[in-house]
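Beneath this line is the structure, given in structure tokens, with notes to follow.
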Amino acid sequence: MPRSDWNLVSNSRFNFPENTIESIKIGNLILQLDKLITLQQRKLKQLERLKTAMLQQLLANQRFPKVRFNDFKDSWKDYRLGEVFDEFSVKSKRENEYKLLSSTTSGMESRSGRVSGHSNIGYKVIDNGDIVLSPQNLWLGNINLNNMGKGIVSPSYHTFKIVNANPIFVNFQLKTEKMLFEYKMVSVQGASVVRRNLDMDAFKKIVIKIPNEKEQIKIASLFSSISVKGGFKLSFYSGLKMYDLVGLRIDRCQAI
């Protein structure tokens with residue numbers, strides 16, 4: 001591990017409140033924020049586990065799921081992905097026409113600040129609600145619903161519009177254990193251990209079960225609220241702590 005230069009550190013100046021009581025109060029405040037952040041992290045993990053368990057029950061590839069809202073009794077219908085995903089390809093016409101995005105196994109990411117330097121003219125243009133997948137890494141879960149606004153992605157990605165279904169509902173099905181297994185079955189081992197070649201025709205024949213539109217919306221709303229509420233609280237407390245650490249009562253501190 002890198003070590004601090006004690007001669008440099010020992011001669012550095014730090015700001016502290018003149019009043020000892022104020023120092024104690026600030027320390028206690030930061031300690032309380034740390035406890036709140038830890039508590040919210042635990043709650044978020046519990047929510048994620050609950051969400052995963054509910055997803056597995058709700059999206060268990062059954063015509064009549066064992067767990068569902070009381071308002072709905074109709075059977076879920078079979079759809080092939082080719083009936084839900086409508087592939088499209090719109091190419092950018094000028095350099096940096098939109099922000100550069102990338103699809104990863106953990107979600108959509110911005111590629112700002114780490115562009116290779118090659119021209120991005122001819123990259124694929126996508127918008128919110130579009131599906132992006134990597135044909136080499138789909139079997140690892142590299143398939144995402146874009147939620148980062150209009151942007152461009154590498155031409156190597158496949159891009160789709162969702163039809164005949166609610167995009168957010170479909171998104172929660174994309175990385176279930178059942179779907180990851182299906183992706184592996186339609187991906188052929190390539191030159192690399194990690195990269196596999198996607199059989200697009202076989203991919204489009206994968207079957208998913210979809211309920212009526214109202215049930216889709218209700219399920220999508222439920223799981224979206226779990227993600228947003230947990231993430232918002234954690235971000236709020238982390239941001240509050242950072243604000244206090246950086247900007248708290250600087251005018252009443254002195255250098256020692």
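All values below come from the heavy atoms of this structure, side chains included, with hydrogens, waters and symmetry mates left out. Computed from a predicted structure; not experimentally measured.
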Quick check for you: to the nearest 0.5 Å, what is the distance between [X] atom [atom1] and [Y] atom [atom2]?
X	Y	atom1	atom2	answer
I206	M185	CD1	CE	10.0 Å
I152	N120	CD1	CG	4.0 Å
N96	L100	CG	CG	8.0 Å

For [Y], does its backbone N or O pair with a side-chain atom of [X] as donor and acceptor, under 3.5 Å?
X	Y	result
N164	V84	no
D199	A202	yes
S134	Y157	no
E213	N166	no
E83	R80	yes
S92	G122	yes

Worksheet item: Is any side-chain N of the basic residue among K214 and D71 closer than 4.0 Å to the acidic one's carboxylate O?
Response: no
Worksheet entry | salt_bridge(R94, E97) N-O dist < 4.0 Å | yes
Indicate whether the side chain of [X] and that of [Y] have a donor and an acceptor atom separated by less than 3.5 Å.
X	Y	result
D127	N146	no
K77	N212	no
N142	S103	yes

Side-chain heavy atoms of [X] within contact of [Y], under 4.5 Å:
X	Y	result
Y183	R196	no
S102	M108	no
E22	I26	yes

Discussion item. Run the salt bridge (Lys or Arg N to Asp or Glu O under 4.0 Å) test against E87 and tell me which residues pass, sequence neighbours left out.
Written reply: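 Expected list: K204.
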Item to complete: Provide the full list of salt bridge (charged side-chain N to carboxylate O under 4.0 Å, His left out) pairs with a residue in residues 148-172, sequence neighbours left out, each pair given once.
Response: D130-K161
Worksheet, complete the sentence: Residue set satisfying ring pair (Phe, Tyr, Trp, His ring centres under 6.0 Å) with F85, at least two apart, ordered chain then number -> F160
Worksheet entry | Given L31, I37, L39, the one that forms side-chain contact (heavy atoms from CB on, under 4.5 Å) with K35 |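 For K35, the side-chain contact (heavy atoms from CB on, under 4.5 Å) test succeeds with only one of L31, I37, L39, which is L31.
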Worksheet item: Just wondering, are more than 12 heavy atoms of other shown residues or ligands nearer than 6.0 Å to NZ in K99?
Response: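 Yes, enclosed.
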